[in-house]
Amino acid sequence: MPDINASVGKDAVNKSDDVFIVQRLLNERGFRCGTPDGVCGSRTRDAIVAFQRGFMHKPDGRVDPGGSSMKRLNQPGKPVTTEGGSLTRLVPKPERSTINSGLVAVNNTLMTQIFGKPREDYSEECQPVTNAVLKRNMTSASVGPFKVTGMTQAVRSLGEIMPEIQRLQPDVYAALGTAGMLCCRWVRGSTTSISNHSWGTAIDLKLNGVLDARGNNQVQYGLTLIAPIFNRFGWYWGAGFTTEDAMHFEAGRALVESWRPT
Amino acid sequence: MNFVSLALACGLLACSGAAGNTDRSAATQPSPGLGPNLPNAPAAAAEPVLAAAQPTAAAPEEAKAVGPAAAVSCTFSALERFEGRTVKWEGECPGGKADGKGVLRAYPKAGSADKVVLIFFGTLERGDAKIGVIETPDGFMAGEFKQGKLQDSEDPNVTIRAFKVATEAATLVSERLKAAGNAASSAFYAKKAQTLQQQMD
């Protein structure tokens, strides 16, 4: 079994050969950190943290020679997604610094400035988009495990994310469902703030038909496995909100900016 | 209409107060307490819990009153995940069928190491679940139900409506328990109502 000579990851020694070994093992276990290159960048550190969430309450982002993380990386043939129980088992909400790296969530002001208001009035229930320009840019399509209706660019992006989830986390892919994408309405309890779902750039996910409970600072394990994949495509994970909302994924600011109408 | 609180073994065929040491008359009284297994749930007072007569069939079946004349008979169809459990309905029972907004609580099987109580908040129509939310240890299953099974839907309005109805059901039960003088249980369901209301965005 391969082992490393010195630590790899956050605040670690990060010798090139050691980093290469860890990167290869992470990739083999579905925690993608790109082509192994011996350089411990943010993607590798994020992959270590995502891997550790499966068995550590507080991932430290570091793999030590002979340590528990290294031993688990070397465990052959054991599907990561079934370690410790089901995909929906709850684990502590990840530290904010370990998720959504380099990503910023959008807000109503930005979305309105870029795309305009989806409609003039809102309620607690989903209502149709009436903004003619936005409406023309809405699409309904299958993205793999389910069908969605949303902004064309966002639907297309999901169509790229889902095959990657299928490739890297097939157990999670098989369990995925959605509670919906496009939904023009107020944020719950507000009459001034519009839900980010209103522009069709956010989606709520289910695992095995179960929605993660919002605001309890615990998240379904399976969501922690796919969050890094969403992040890589520029989507922000709602576990990073002030009120934890782990079922929620939305296009991040940079991605939305890239969709700005010309 | 009497707002009844009855315990039935899901899929089971007995609905009376006469099993073992249960109190038949208690079947018509408001629920005095809750199961012991939910975190922060108030201590449960004795309440009528009926033993299963026989294992449930695979298909959802209607629980029906049999045996000595029951003080109240109330029937409803089995709900997915509730099979084999003792189930208690908190809600109206017009014409002998569970109906309207209320709560179904499914207690662990007798002798099981599983201590989890599952709760359905929502609407039953003549014994059949129509729309609502099942609370599980890992989260919520929300939407419309048909023959006891949650229907798959990608329409966000279905989920939003389900949580709205679930919130109303939890609130209704909370108010009823408060009126019955059960402050602790009332507070429990009021908290549930708040959680359900805040789930979607």
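A note on names: the letters A, B, ... follow the listed sequences, proteins ahead of strands, and every chain is numbered from 1.
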query: chain A heavy atoms under 4.5 Å from B:Ser153: which part of the residue, side chain, backbone, both or neither?
result: backbone

- request: Using a strict 4.0 Å threshold on nitrogen-to-oxygen distance, state whether A:Asp121 and A:Arg119 make a salt bridge.
  value: yes

- prompt: Is it the backbone or the side chain of A:Leu182 that comes under 4.5 Å from a heavy atom of chain B, or both, or neither?
  reply: backbone

- request: Could you pull out all residues at least two apart from A:Cys184 that satisfy disulfide (SG to SG under 2.5 Å)?
  value: none

query: Which residue pairs pass the disulfide bond (SG atoms under 2.5 Å apart) test with at least one member in residues 204-257 of chain A, sequence neighbours excluded?
result: none

- prompt: Where does A:Glu125 contact chain B at under 4.5 Å (heavy atoms): side chain, backbone, both or neither?
  reply: both

task: Give a yes or no on whether a salt bridge exists between A:Glu164 and A:Arg167, defined as a side-chain N under 4.0 angstrom from a carboxylate O.
output: yes

field: Heavy-atom proximity to chain B below 4.5 Å, by part of A:Gln218
entry: neither

